[in-house]
Amino acid sequence: MSQGETPVAISLQGVSYNYKAYNDDGTVGSVVGVKDVTLSIEEGDFVALVGHNGCGKSTLAKLLNGLLLPASGSVTVYGMDTSQKENIFEIRKNVGMVFQNPDNQMVASIVEEDVAFGPENLGVPQPEIVERVQSALQQVDMLQYAKNSPHKLSGGQKQRIAIAGALAIRPKALVLDESTAMLDPQGRKEVLEVAHRLNREGMTVILITHFMEEVLDCNKVVVMSGGSVVKTGAPMEIFADSKLLAEVGLQPPRTVLLAQKLYEYGFDVDANCVDARQLGGRLCQLLRKI
């Protein structure tokens with residue numbers, strides 16, 4: 001690595017993974033999970049993986065910390081190959097995972113006990129567990145709920161507790177696998193605010209989502225289709241490629257779509273605008289001139 005170059009957190013080289021599937025005649029076949037994926041995620045990145053259902057996003061997420069192992073190719077996490085069994089424990093300490101359904105991630109009847117589950121299984125000394133739990137709950141702004149039952153919290157609060165559980169392991173990277181899919185708009189907002197704050201503090205974040213509005217503030221977007229990566233780029237680079245988005249069944253965020261349509265109809269607006277307030281302000285300026 002040359003001086004000034006950002007270190008690579010996670011690297012995938014030619015990675016493929018297939019699921020077993022039974023044919024109608026009883027023979028065993030396979031279904032493509034991911035196919036020949038090469039991808040580099042640098043430390044401090046906020047990466048969004050997007051694509052329609054079944055495109056391979058969640059399979060790729062599970063390959064990032066060794067929950068799945070590639071059939072071919074290699075996955076390297078902070079210099080450790082996931083195919084080496086002796087690396088798996090350390091890899092999972094470095095890459096925290098938060099999944100779609102917050103209720104499926106709860107393992108205890110008290111919030112602080114739930115957050116403590118990970119470090120307890122790592123053999124962390126009790127005094128340090130207490131410190132880690134408090135720190136993790138503070139990071140997701142849920143310390144005031146430490147003594148509550150997680151099952152009585154809102155969906156967004158539950159997901160923030162799940163994130164705290166991952167943070168208590170002290171990972172370098174956090175994978176959010178459709179973690180906002182089952183939440184209402186307020187819950188989605190809460191989880192995304194936490195994710196972006198963690199990223200600003202230096203954590204690498206990988207967000208798997210089908211909500212295109214959620215990728216606006218990411219620095220890199222990875223578009224998947226049919227198990228393969230079809231394009232990687234900055235958000236506006238992806239949104240400007242209307243042909244690609246149509247092919248993979250995605251639409252730009254509503255703000256971007258509106259800006260593009262207004263521009264096409266001759267309005268003097270920035271076709272690449274991603275900020276709803278900025279676009280609204282520009283429209284107000286134009287209306288005053290009428």
Side-chain angles (χ1 to χ4, degrees), residues 10 12 14-17 31-42 45-64 99-100 175-185 187-189 191-193 195-196 199 204-283:
I10 302 172
L12 295 88
V15 172
S16 295
Y17 181 88
V31 175
V32 173
V34 297
K35 181 180 178 182
D36 195 27
V37 170
T38 295
L39 178 66
S40 180
I41 299 172
E42 297 179 342
D45 268 348
F46 197 123
V47 179
L49 291 177
V50 300
H52 57 77
N53 290 338
C55 71
K57 303 188 301 294
S58 290
T59 300
L60 185 59
K62 293 177 176 67
L63 287 160
L64 299 182
F99 297 101
Q100 182 179 102
V175 179
L176 302 173
D177 184 11
E178 299 277 13
S179 299
T180 62
M182 299 182 67
L183 306 181
D184 60 22
R188 287 171 53 199
K189 180 182 177 183
V191 171
L192 287 173
E193 285 176 348
H196 282 288
N199 181 248
T204 303
V205 177
I206 299 98
L207 173 70
I208 290 88
T209 183
H210 60 268
F211 294 115
M212 296 298 283
E213 287 82 2
E214 294 184 356
V215 313
L216 286 171
D217 295 322
C218 301
N219 69 293
K220 183 187 297 182
V221 181
V222 178
V223 183
M224 296 190 69
S225 181
S228 299
V229 171
V230 294
K231 187 164 185 174
T232 302
M236 281 316 305
E237 182 183 351
I238 301 300
F239 300 150
D241 194 340
S242 56
K243 181 180 178 181
L244 171 71
L245 293 178
E247 288 175 351
V248 299
L250 296 174
Q251 276 195 335
R254 285 169 292 181
T255 300
V256 176
L257 192 61
L258 178 59
Q260 291 174 345
K261 289 297 182 182
L262 288 169
Y263 181 80
E264 289 174 11
Y265 282 109
F267 288 86
D268 184 16
V269 300
D270 180 3
N272 295 324
C273 182
V274 299
D275 189 308
R277 289 187 178 181
Q278 181 181 339
L279 179 61
R282 180 56 183 158
L283 288 175

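Residues: numbered from 1 along the sequence shown. Bear in mind the structure is a predicted one, so any value in this text is a computation, not a measurement. Atom set for the values below is all heavy atoms of this structure, side chains included, hydrogens, waters and symmetry mates excluded.
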Nearest non-hydrogen partners of L257 and P252, listed with the distance: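 Taking L257 first and P252 second, the nearest heavy atoms are CD1-CD, 4.1 Å.
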
Considering all heavy atoms, the nearest C55-S225 contact: CB-CA, 4.0 Å

Positive for side chain to side chain contact (heavy atoms under 4.5 Å, CB included) with M224, one of V34, V248, V50: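 Among V34, V248, V50, the one meeting side chain to side chain contact (heavy atoms under 4.5 Å, CB included) with M224 is V34.
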
Partner of I206 under side chain to side chain contact (heavy atoms under 4.5 Å, CB included), chosen from V175, D177, L176: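 Single pass found, and it is V175.
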
Taking the side chain as C-beta and beyond, is there a heavy-atom pair between [X] and [Y] under 4.5 Å?
{"X": "L207", "Y": "L192", "answer": "yes"}
{"X": "V229", "Y": "T38", "answer": "no"}
{"X": "F239", "Y": "L216", "answer": "yes"}
{"X": "T232", "Y": "V47", "answer": "no"}
{"X": "L63", "Y": "V37", "answer": "no"}
{"X": "Q251", "Y": "M212", "answer": "no"}

If you draw a 6.0 Å radius around [atom1] in [X], do more than 12 non-hydrogen atoms from other residues or ligands fall strictly inside?
{"X": "F211", "atom1": "CZ", "value": "yes"}
{"X": "K35", "atom1": "NZ", "value": "no"}
{"X": "E247", "atom1": "CD", "value": "yes"}

Point-to-point distance, once rounded to the nearest 0.5 Å, from CD1 of I238 to CG of L250: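 Between I238 CD1 and L250 CG, I get 10.0 Å after rounding to 0.5 Å.
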
From H196 atom NE2 to E214 atom CD, the distance as rounded to the nearest 0.5 Å: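 H196 atom NE2 to E214 atom CD measures 8.5 Å (nearest 0.5 Å).
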
Test item: N219 side-chain N/O and F46 main-chain N/O as donor-acceptor pair under 3.5 Å: yes

Backbone of G51 reached by a side-chain donor or acceptor of K57 within 3.5 Å: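 Pair found, side chain donor or acceptor close to backbone of G51.
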
From CA spacing to verdict: side chain to side chain contact (heavy atoms under 4.5 Å, CB included), D217, N199: CA-CA 11 Å; D217 295 322; N199 181 248; over 6 Å; no

Under-4.0 Å salt bridge between D270 and R282: no

